Structures are given as C-alpha cells and as structure tokens.
Amino acid sequence: MFNINFYEAAVRSKVYINGAACISAQKASGNSSFFEEIQSTADNVFWAVEPDYTKLIPAASARRMAKGVKMSVAASKMAIDNAETSILDAIIIGTGLGCKIDSDKFVSAIIDSSEEFLTPTPFIQSTHNTVAGQIALGMKCTGYNNTYVHGSVSFESALLDAKLQLENNEAASILVGGVDELTEHTLKIHEKIKHIKFERIDSSQLLRSKSEGTIFGEGASFFITSNQKNINCYAELAAIEIINTLSVENLPNNLEAFLKANDLHVDEIDLAVLGNNGDAKFDVYFHTLADGMLNKINRIYYKHLCGEFFTASAFGFWLASKILKLQIIPEVAKMGEIAPSEIKNILLYNQYRGENHSFVLLKKC
Amino acid sequence: MSDLKQELKAKIIEQLNLEDVTISEIDDNDSLFGDGLGLDSIDALELIVMLDKDYGIRLSDPKEGKKIFESVQVMADYIEANRTK
Amino acid sequence: MGKGVAITGMGIISAIGINTEENFQALIHKKNGISKIELLDTAHKNEIMVGEIKLTNAQLEAPLDLPSNNNYTRTAMLGSIAAKQAISNANIFNISKYRTGLVSSTSVGGMDMTEKYFYDYLSESDSQKYITSHPAGDSTQKIAEQLGISQSLVTTISTACSSAANAIMLGARLIKAGKLDRVIVGGTDSLSKFTINGFKTLMILSDTHSAPFDENRNGLNLGEGAAYLVLESDEIVEKEHKKVLAYVKGYGNANDAFHQTASSENGDGATLAMEKALKVAGMLPSQIDYVNVHGTATGNNDLSEGRALIRVFGNTIPGFSSTKAFTGHTLAAAGAVEAVFSVLALQHNIIFPNLNFETPMKEFHLLPQTETKNKELNAVLSNSFGFGGNCSTLIFTKQP
C-alpha cells in the first residue's frame, strides 16, 4: 500500500533543460549575450568574470563565501529566473576540487600556525558540499541534496542522478550545477607537474599547441532540469554515459554502443561538442573521433574559452544547450567549416588526462 | 578603555568580514547577536579564537561566549578583567 | 513487486578491527577502539581521543602489493582494503561478467598527503606524485583499479558525514533503474590534521570517550575507516544462487536547510529523511526493529536527532544505539561502516550497545540500548547526517 514503485512505471518521463546560466571567463555570463565579445588569455589561466553579486546574494550570507560558492549561488538564481520557476525538488552539484580557496586557506593556516589559533570559517566553508548546502539554506529547499566529486565526470554524475529521479518521477524539477574555483596554489603545483603548459600560449591558439599540459580555468554552470517541458526549454537531455577508464582503441566501440543504445546512427548527429584542451598527450582521444567516426560530423570545442577544470564540461553543456535553443553556432567555437543546417542532436564527449570519460546526448526540444 | 572598544570594533569587522559595517555604526551597547549586528554561532567561535590569540583568554565552553559577547561594552569589560596579554 | 537490491558482500576496516568478524566481535564484547593519537603527527595528540587504526601506511600498503612509486593516500589504501574484502565476501571472481559500477565517498580525499606536502609540492621533490592524489575522486579511481572495474560507471559523493549513506542510496537506485547489475558502494576517510583541527575549531571534539545520547556528552571522537558493500540485482542473485546478507529496502535524503553546520532544534531534516526512507520501503515506523542512530555525542546532534526520532516513532521508539563510541566518527565512511553494522545486526539478531551512556538527556526520556541484546530483527534503520544540512536514512531488511 505504501510501496512507491518508481521503477516499474510503464513510461519513463523525458528530461528537459528549462533554464541555464553560466559564469565563466567569458562575458557571455548569464543569458544576455552569446559570444559577441571574446575574452582570451595569454597567461595559461582563465579567471571567471564575476557578476555584481549585490542583487543576487544577501550581504550577510555573502561575507563568508569564497568565489566558487558566490558564483554558484548567483548562477543558481540566474538559472531559476531563466526557467521562470520557483519550485525545486532537489539540488545536485558536481565539483571536482570543491571549495579549494578555503581548503588551501585552512591547510596553510594549520602549517603556518603549527595548529594554533585556527578559526572555524575556512574549515566549514571548505567542505565539498558547501555549495549545495548554501543554496538549500538560501532557498529553504529541504529536498534531496547531493554533491558529486569525481574528477571530470563530477558534473555528469550530478546530471545522471537528476535524470534518474526525473525519469522515474521521484522529482519534477531539479537544480543541477557544475562548479570549480582556482587558487594560486593549484596553479603553481599543476605547473610543476606540467598539467599546465610550461610555455605561455594564447588561448585562441590552444589547439595548435604541440606541448603537454593545458590552460586552467574556473566557472559555474547551472541548470534547471525537469520532466515537464516549459516555454524556455533549451534541450532534451536524452542520455548520459560515464566511463572511468577507456583506451583510445576502445573509444569508438564505446561511442558506437552509446549511440546504439539511444537508437541513433552517427550520421544523425548534427553537432559534436568536444573537450579538446590542447594537451598533446591526451587530445589523441578527440583526434581519434574527429579523424574517424565523427569525421563527417560538424564539430565545436570550448576549452579555449573557459580553460580546463574538472567541471569545464558543464560549460560545454551550457554551450550546447544554448546552441540547440538559438540554432546558432558561435564562430569562435567552430572546428573547421560548418554547413548551416537544423541542429537536432548534439553529442558531447569529454575526458581529462585519459580518465573519466563522458558521453552526453542532447536533443532539440 | 575606549581604545580597547575601538580596537574590538575594528577586529570584529575585519575578522567577521562585515564589509558593509563601519566602526561608527557599532554602538558600545548594541547587541552583537540576534537583532543587533546579527552575528551567529560561527561568529561566536571566531570571537573565541580572537580572545585566545589577542588577549590570552581561553574559553573551554562555547556557551560562555554568549554572555561575554553580548555587546562591545561587555566584551571590553571582560577583557580588561581577564586579559593575560 | 519492485526490483530488490540485495547486499551480497561487505568489507570493513575501522579502529575496532581490520575485517568484518573483528568488528563484530568488538561490538558484541563492548571493546571500543578509542585511544590517544599514536600514528598521526599532530600538536593535539594528547588533548583528544580518536578512533585510529593502529596500522602505519607501510603496513596498510603491504597487502595491496603496490609498486614502490605508488601515490596511494591513506584514504585510498583503507578504501582498497575494505572494498577488496567486500568483493571476496560476495564470492565475485569475474568482476566484468556483469555491468559493475563503483560509487565511493570521502570527505577530504587525499588531504592526509596534501597537508604533509602542501609547501613541498612547490619545489621539485618526490612528494609531487601526491598532487594528483588530492582530489576526492582519486581514491575512488584507485579502488576501481584494485577491484578491476574498468570501462564502467565510477563516481564519488561528498556530502560530509552523510556521504557513504548517499553512495549506498545511489547504488540502490542505479540497480533499481536497471542502469547497472552490480554496484560496489561505500566510503573511506583517514584521520587528518585538517579534520582534527577543523572539528577542534568548532569546539565539538571530546577529550575523553564520547557518550552518545547522554546528558553529559561533551563532543565526538573522530575516527578513520572504510567500509564497502556489494549490491546486486535480483537477476544476479537468482542466476548465481547468491547468498543474500540483507536488502537495501528504503532510503531517504533531505536537507535541514537550517544552518551550515548545526542541526535544527527539532530535527526537521532528519525527520524528513526517515519519513522518506520509510515511504520508499513501504514500511510503517512500527516495522523498524532497531535504529543505528547517527549519535555523534555532540550537544546539538543528539538533541536534534532524538527529537526527530520522537517525531517519527512517537511513543514506541525501537531499540536504538550509536556505535560511534566504538569506532569514532569516521565522517564520510560512517554511513557505510554503520550499514555493515546494521547488516551484522540483522544477520545475528543483535542490537549493539551504546557505550558510555549513564544519564538520560533532560529534554526527553530516550534510553539507548546499553548492553548487547539478542532480539529477532527484520528491519534496521540507519541515520547519517552531515554539514550543509545533509540528512540521509537507509533501511535494511532481511526480506526483499
């Protein structure tokens, strides 16, 4: 009598993106412009351009928030406004490194002060689920609340969780976000191990680089997902696949299996959004698809616009959602010539340093 | 004494990141928590560290802070009476 | 009938034992694992009591047979040890025979190495191999490698002290949705200066043995550990004639939306989480035979959780106990550690004792189980709450 059998439901609901907002290094933040002006960097790092928070976050709550939390709270509000909704059943966040600013602050204080006179704020704020908790607290949202922290599939894990709940009608509207913030320490140590390129390059030339490593970035991309399509609908989230390890050789079969599971032939993909980051060592994954299976498919990339970070793929997801809605492909993102035609199906593929691969399929709604 | 109160106000603003508050806005007898300055339990923990670090006063129970941090005036009186540095 | 989620194996390493049997024996014989800090190098060594696993990193590393240049953190090693036990306990010899995923959890990931080498990372040195061990997902990737899980769904959850409960929940949902046939779920956390100093700034660390649900409780003992469970679908259980230890019958996740670190006075989030779990399980509160409470022994948690218990169960509160006075609070791992204890309780029909309880709290008359008690158990409810208002509840049953 009490048994709620979500999983036996005859029809699984479709999942839609009804609202979106992105804070990144580009001024295309929010929803007002779409790459009318391009920011580039020559320092191998893209810092996110922050919006005016005064209208988005009460001063009393903002005073303890580091950049990542502020960007997230702001982006979540913008996404909610964009979807013209006020009801949220769940909040699910993906963040690869979590609240790194406060984490670095607390670790260095422990060492510098020999464990004396430490204050609680950086510790409290360093917790990986600070973002999800702060958003819930700010909105008084007592629903499901979760945080995924798994490298470059942190955001996709959050998406997958949301999709499972929406499909099975456990929830009707879910806020899903991807966020990461940079610190000077993060930059310095990743330069040491060559995850950031040694030589300085211009971000617009990212894919021409022949060296190992990439350029780093940060940002927050938030979405309202729902099993009800609204008038603002960006896209239908058709499928997500997360794969921990994958060899270059096995990549094509895995993509094929993913498409097959979703009744799609490769020719039906109108646009592929690839996570190339200019790392000569690992971009071979993307090249394998670009030179092979996706050779005849229109392709775009985005990490020359936002930099690499564990949730950079959420920026790619925002870009793809926006493209589906506007039916415009920003010139700056194109890889080669793209013939204009209707965009119905977009495939996203990302991986970082050969690990934590993801396929995402978005459809026009 | 009034120097100490000024000092405390400046420290409270800085340590607790009260960006939109100025020293002149805090009255000696304003309540720091609740309706006054609106501080909360995390701020109380921050102030406990400040007492320890700057004035050599160590509290073992956070509940003791409640009375001590009632206002800048009460705080200053307590520090004057108990400081070890 | 909906799809069942069977638990077919489990593994654990904690301050009270390096395997399931040792943990069980300690629990029934009231042998706690709380001590002064011996292995971790911290200024607070003599001030606090913790649940420390008395094995050095070198001792943990030995059975894992790792290359000498490995960059396993203590968190990754503890996790690997417990997860391997779980696989072996479930008699899994060919892990890729079925679609198998891993959902792990951790609070601070590779912080144990980061806090050691934070500044060393900046100069050329051997320590730099640990830079990539810092992100929370790293320990999970390593555990997957240890288990031979490749080309599969592997992810990590971090919701502070409720992390592993959420990992178990996601695993159960992935099986119910038919996304995977088998999911290894759990959590791992090692003691670190970061968490010790962090909890110290909150002034909630006990200088003695913690006393959950006691009027005179004075804070928690931190602990370290890892625990993993193997969840399998009905199809695998049937095909392989698997022995089922218990079922994940219900789960609920809610947010208290009250305060960043403290629980609401009346346990709103905790109440919601328990109610949701009962609803998903299709059970009435009266069908719960034992509650393994979160029970950290902080002033705030036990009061809030106690009130939530009264709200959910009314006047007939089932036997309950906190096992944290045995293991210490193992943070992200706690939900999995206590899931293993809940399954052990079901298997042996035993309610584990709540150590160090003497005086009932003045706000209500709640008496935890203080002695090992034999009782027929069919359903056990386990709570895990964390910072950020995260509240999660799991229900384990004997029957599907």
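Remember, it's a predicted structure, so these values are computed and weren't measured experimentally. To find a chain, count down the sequence lines: A is the first, B the second, and so on, and within it residues start at 1.
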State the [atom1]-[atom2] distance between [X] and [Y], to the nearest 0.5 angstrom.
X        : Y        : atom1 : atom2 : value
C/Asn197 : A/Thr119 : CG    : OG1   : 11.0 Å
C/Gln128 : A/His190 : CD    : NE2   : 11.0 Å
A/Ile124 : C/Phe199 : CD1   : CZ    : 10.0 Å

> Hey, does C/Lys176 have a side-chain heavy atom less than 4.5 Å from the side chain of A/Asn168?
Replying inline: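 Of all side-chain heavy-atom pairs linking C/Lys176 with A/Asn168, none is under 4.5 Å.
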> Less than 4.5 Å apart, any side-chain heavy atom of C/Lys200 and any of A/Glu115?
Replying inline: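 Result no, sub-4.5 Å side-chain heavy-atom pair not found.
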Contact class of [X] relative to chain A, heavy atoms under 4.5 angstrom:
X        : value
C/Asn390 : side chain
C/Phe258 : backbone
C/Thr42  : both

Side chain, backbone, both or neither of [X] within contact of chain C (heavy atoms, under 4.5 Å):
X        : result
A/His357 : neither
A/Ile92  : neither
A/Phe310 : side chain
A/Leu118 : both
A/Ser154 : neither
A/Asp89  : neither
A/Ile189 : both
A/Ser126 : side chain

A quick test of your reading: do over 12 heavy atoms of other residues, nucleotides or ligands sit less than 6.0 Å from [atom1] of [X]?
X        : atom1 : answer
A/Lys14  : NZ    : no
A/Ile87  : CD1   : no
A/Lys260 : NZ    : no

> By number, which residues in residues 172-182 of chain A have some heavy atom less than 4.5 Å away from chain C?
Replying inline: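 Listed by number, there are no contacting residues, so the answer is none.
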> What are the residues of residues 132-145 of chain A, in order of number, with any heavy atom under 4.5 angstrom from a heavy atom of chain C?
Replying inline: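 Only A/Gly133, A/Gln134, A/Ala136, A/Leu137, A/Lys140, A/Cys141, A/Thr142, A/Gly143, A/Tyr144, A/Asn145 of residues 132-145 of chain A have a heavy atom under 4.5 Å from chain C.
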Main chain of [Y], side chain of [X]: is a donor-acceptor contact present, judged purely on distance under 3.5 Å?
X        : Y        : value
A/Asn129 : C/Phe387 : yes
A/Asn244 : C/Ser152 : yes
A/His185 : C/Phe118 : yes
A/His128 : C/Val108 : no

> When you check the side-chain N and O atoms of C/Gln151 and A/Asn254, is any donor under 3.5 Å from an acceptor?
Replying inline: yes
> Considering the options A/Leu160, A/Ile243, A/Val153, which one meets the side-chain contact (heavy atoms from CB on, under 4.5 Å) requirement together with C/Leu153?
Replying inline: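 Filter result, single survivor: A/Leu160.
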> Under the criterion side-chain contact (heavy atoms from CB on, under 4.5 Å), which of C/Thr159, C/Ile157, C/Thr156, C/Asn166 is the partner of A/Thr147?
Replying inline: C/Thr159
